[in-house]
Amino acid sequence: MPANWPRTSRPTSRKPTATRTSTRPWPASARAGSLDPYTVPDRGRGGEPRPRRARPRPQEGRPPMSDVRVRFPPSPTGYLHIGSARTALYNWLFARKHGGKLVLRIEDTDAERSTEASIRGIIEGLEWLGIDWDEGPYFQTAFRDEHVAAARRLVAEGHAYPCFCTKEELDARREAARAAKGDYRYDGTCRRLAPDEAAARVARGEPHVIRFRVPDEAGSVVFEDKVYGRLEKAYADLEDFVIVRSDGSPLYLLSNVVDDVRDRISHVIRGQDGLANTPRQILIYRALGAPIPVFAHMPLTLDPQKAKISKRKHGEIVAVQFYRDNGFLPWALCNFLVLLGWSPGDDRELFTREELIQAFSLERINRANSVFNYNKNDPKFFTDPKALAVNAHYLRTMPVEDLAGLVEAELRAEGLWDDAYAGERRDWFLRTLDLIRSRFHTLKDFPRAGRAYFADDYAIEDRAYKKNLAKHPDLAGWLPRLADRLAGLAAFTPEATEAAIRAYAEGLGVKPGVLINGVRAVVTGQLAGPGLFEVLDVLGQDRVVDRLRRTPERFAERSG
RNA sequence: GUCCCCAUCGUCUAGCCUGGCCCAGGACACCGGCCUUUCACGCCGGCGACAGGGGUUCAAAUCCCCUUGGGGACGCCA
């Protein structure tokens, strides 16, 4: 059972790996040219109905995919959020399934956000989840020269051109178009400049950006998305987009492609919000003469109001770290996350790591966005109930030996840890965990609801006091006397304590439940819990007797 | 506004491509029962959906069209 799978031990260098030799960015061979299978002639309007978006299904007995290389390219924004984590997970699963490689590439071109701390946040999130990578982290800024060189090449080969239009002009035109309720696309002013005139102006030092030249012939970019099926975008719907800023720095659309080409990425698995970029990126691949990867766009994760989840709007609840800090098991989070947009096709929902890798496939990713169903004001569920249910499931079914290490960390953090729990009291520790875990939902429940098992300074819950103590004030006298009886027991076994308590109840003429529940309240502080006699057994004679003798104090605490 | 994508229980989903086995299956949540000293676990049962309208067909959740609703993209952000 992988609920506590080993933390990745991969030594991740925190420094840019710029030293990595980056030869053959793209195969100098295959110029895309007119044989490009991704270009189709415009079929014109009307006529046949739109082709059904049927997705290819995995064929039986297909050969293993060779050289699967995927990447996870987060831009550091402070921490790993669950949407990104899910993207990373899908990539990771796909790589592992096909014996491929996962590349971690930090897109750190936004210097503002890319602090050491926010990069660390991403990496720690991945490590905690158990998503390990095979290459990287690479840093996008380290490859800036490559990006610029690619842009130059595109200009030299006529796939891009310098544009001298100023931002102000463009903004004005865009504004005007919008005011006229039309849609705006770059009008191609500089596209029509004579090459030598453009070159001259560049030589003169005129500020300019570099724009990609979208084919102006009829036709469209077509690609087969693994999730959405055949997608088509008419050239006419694309504008000549900027690939290099006027300060000479390359833009995402370009850098991303150049990096993917260099890293020999075979499958681009990313959020559906990248779908609109895909046709433009395919154009860049083509212009670069690079092989085009397979694309798989995954549906987005929305909040209950159907808005895209984001750090700004939703805060910590969408941070992977939040789940770590709130007692989630990493694998439970992964298992929950994978279900947001994917299913195995049968009724299974809980998987071991190996089972999930085996079951995962791009073809079974759903097309519809999913809702991350958390409710800030829900007193019972601090996050999506299903996430909690998955976590609780692993908590009570994982090997108790694996659980022990995780609970140890929680107890240590609260100062409740005793080294004996790992030594001569190890058996006791495991037995106790096993006894109490079936009603817990997170690791935090062990030091909280479970505190009385590991410490003597536990509080008595209000509800437990009201229901099981306050209603029977006589318990203040009964329980210390019961303590005397229990103290006299030669063998402090569940059978013996049960017999003693029932006998005492009978003598008192009260229902056994009154004593049983009262004892539970005093001895554990809780309203509910495991069978009392097992609890007493685990707590041990001395503790039980001592706690019961102090019952009057418990009443006094309350009446004061 | 323009382009694109999506649409099954409250939520996550199966079924849709290859129409009949679906008056729609599973999970979570909720409700009830069993177990029981409590609560949980476990087991049993219940509530609960094909967005609407047109077609096509002997037959439609499944195919087609329209409407509605939701989402995404439209940056010298990534």
Side-chain angles (χ1 to χ4, degrees), chain A residues 49-50 52-57 73-77 107-110 113 140 163 166-167 170-171 174 177-185 207-211 228-229 231-234 237-239 241-247 249 251-253 255-256 271-277 279 297 299-300 302 304 306-308 336 339-350 366-373 380-381 384-390 392 396-397 436-440 464 467-468 498 501-502 505 511-517 519-521 526-533:
Chain A
R50 204 184 67 199
R52 160 91 184 136
R53 211 172 290 303
R55 282 181 294 189
R57 290 280 146 136
S75 60
T77 51
E107 308 219 314
D108 59 341
T109 51
D110 185 337
R113 292 188 289 185
Q140 190 162 63
C163 170
T166 67
K167 198 164 196 257
L170 294 172
D171 288 345
R174 223 188 319 264
R178 201 169 282 253
K181 288 209 189 299
D183 68 323
Y184 172 78
R185 231 165 278 138
H208 63 280
V209 300
I210 294 177
R211 278 183 192 276
Y228 289 95
L231 261 12
E232 179 172 357
K233 185 78 172 175
D237 289 333
L238 260 17
E239 70 173 343
F241 50 95
V242 177
I243 55 178
V244 178
R245 291 186 186 88
S246 51
D247 69 358
S249 57
L251 255 7
Y252 163 80
L253 234 31
S255 305
N256 189 254
Q272 197 226 70
D273 47 355
L275 203 50
N277 286 328
H297 287 88
L300 268 20
L302 276 19
K306 303 282 175 70
K308 200 164 94 166
F336 166 73
L339 261 14
L340 252 32
W342 173 87
S343 75
D346 52 40
D347 287 340
R348 287 179 299 163
E349 294 202 314
L350 299 161
N366 200 323
R367 287 194 273 245
N369 293 341
S370 58
V371 170
F372 176 64
N373 193 24
K380 197 167 173 191
F381 302 104
D384 191 308
K386 190 149 188 171
L388 253 1
V390 171
R396 65 177 179 265
T397 58
I436 60 182
R437 65 173 166 169
S438 77
R439 55 227 83 215
F440 289 172
K467 186 168 178 207
N468 291 330
E498 177 164 10
I501 290 175
R502 286 188 187 281
K511 287 199 280 191
V514 173
L515 284 187
I516 290 170
N517 292 325
V519 170
R520 176 182 295 105
Q526 300 285 306
L527 178 66
L532 180 68
F533 309 112

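All values below were derived from every heavy atom in this structure, side-chain atoms included, with hydrogens, water molecules and symmetry-related copies excluded. Lettering of chains follows the sequences in order, A, B, ..., and the numbering in each one begins at 1.
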**Asked** Base, sugar-phosphate alone, or nothing: which one does A/Lys467 contact when heavy atoms must sit under 4.0 Å apart?
**Response** nothing

**Item:** Non-hydrogen side-chain atoms of A/Pro299 and A/Trp342 separated by less than 4.5 Å
**Value:** no

**Item:** Charged N-O contact under 4.0 Å between A/Lys386 and A/Asp384
**Value:** no

**Prompt:** Taking atom types as they are modelled, is there a donor-acceptor pair under 3.5 Å from the base of B/A40 to the side chain of A/Ser438?
**Reply:** yes

**Prompt:** At under 4.0 Å, does any side-chain N or O of A/Arg367 touch on OP1 or OP2 of B/C6?
**Reply:** yes

**Item:** Phosphate OP1/OP2 of B/C6 contacted by A/Lys306 side-chain N/O (<4.0 Å)
**Value:** no

**Request:** Please give the nucleotide sitting opposite B/C39 as a Watson-Crick or G-U wobble pair, both distances under 3.5 Å, or none.
**Result:** none

**Asked** Between A/Pro512 and A/Val242, which is nearer to the 5' end of RNA chain B once each is assigned its nearest nucleotide?
**Response** A/Pro512

**Prompt:** Roughly how far apart, to the nearest Å, are B/C16 and B/A24 at atom C1'?
**Reply:** 12 Å

**Message:** With a 3.5 Å limit on both atom pairs, tell me what B/C17 is paired to, counting Watson-Crick and G-U wobble, or say none.
**Reply:** none

**Request:** Indicate whether OP1 or OP2 belonging to B/A40 is found under 4.0 Å from a side-chain N or O atom of A/Arg437.
**Result:** no

**Asked** Does the side chain of A/Arg174 get closer than 4.0 angstrom to OP1 or OP2 of B/C76 through an N or O atom?
**Response** yes

**Request:** Report yes or no: do A/Gln140 and A/Tyr252 form a side-chain donor-acceptor pair below 3.5 Å?
**Result:** no

**Message:** At less than 4.0 Å, is any side-chain N or O atom of A/Asn468 found next to OP1 or OP2 of B/U37? Yes or no.
**Reply:** no

**Asked** Nearest nucleotide by nearest heavy atom, which residue falls closer to the 5' end of RNA chain B, A/Glu349 or A/Leu532?
**Response** A/Glu349

**Message:** Need one value for A/Lys511: base, sugar-phosphate or nothing, where a base atom within 4.0 Å counts as base even if backbone is also close, heavy atoms only.
**Reply:** nothing

**Atom pair distance, as rounded to whole Å: CG in A/Asp384 and P in B/U13** = 11 Å

**Any A/Arg245 side-chain N or O less than 4.0 Å from OP1/OP2 of B/C77** = yes

**Item:** Partner nucleotide, any strand, of B/C22 [Watson-Crick/G-U, under 3.5 Å]
**Value:** none

**Item:** Under 4.0 angstrom between A/Ser370 side-chain N/O and B/C12 OP1 or OP2
**Value:** no

**Item:** Base partner of B/C50, which must satisfy Watson-Crick or wobble distances under 3.5 Å
**Value:** none

**Message:** Students often get this wrong, so: under 4.0 angstrom with heavy atoms, is A/Pro385 touching a base, only sugar-phosphate, or nothing?
**Reply:** sugar-phosphate

**Request:** Answer yes or no: is there a side-chain heavy-atom contact under 4.5 Å between A/Ile516 and A/Phe533?
**Result:** yes

**Item:** Rounded P spacing from B/C4 to B/A51 in Å
**Value:** 23 Å

**Prompt:** Distance check: side-chain N/O of A/Ser246 vs OP1/OP2 of B/C76, anything under 4.0 Å?
**Reply:** no

**Item:** Opposite nucleotide pairing with B/U2, Watson-Crick or G-U, both atom distances under 3.5 Å
**Value:** B/A73

**Prompt:** Is A/Gly341 touching bases, backbone alone, or none of the nucleic acid, heavy atoms closer than 4.0 Å?
**Reply:** sugar-phosphate

**Item:** Quiz item: A/Arg439 side-chain donor-acceptor pair to B/C41 base, under 3.5 Å
**Value:** no

**Prompt:** Does B/A27 have a Watson-Crick or wobble partner in any strand here, with both distances under 3.5 angstrom, and which is it?
**Reply:** B/U11

**Prompt:** Base, sugar-phosphate alone, or nothing: which one does A/Ala528 contact when heavy atoms must sit under 4.0 Å apart?
**Reply:** base

**Message:** Rounding to an integer number of angstrom, what distance separates B/C65 and B/A7 when you compare their P atoms?
**Reply:** 14 Å

**Message:** Within the 4.0 Å heavy-atom criterion, would you say A/Gln526 contacts the bases, only the backbone, or no part of the nucleic acid?
**Reply:** nothing

**Request:** Between B/G15 and B/G26, how far apart are the C1' atoms? Round to whole Å, please.
**Result:** 11 Å

**Item:** Whole-angstrom distance between B/C44 and B/U37, as gauged at atom C1'
**Value:** 23 Å

**Request:** Tell me whether the OP1 or OP2 atom of B/C74 has a side-chain N or O from A/Arg185 closer than 4.0 Å.
**Result:** no

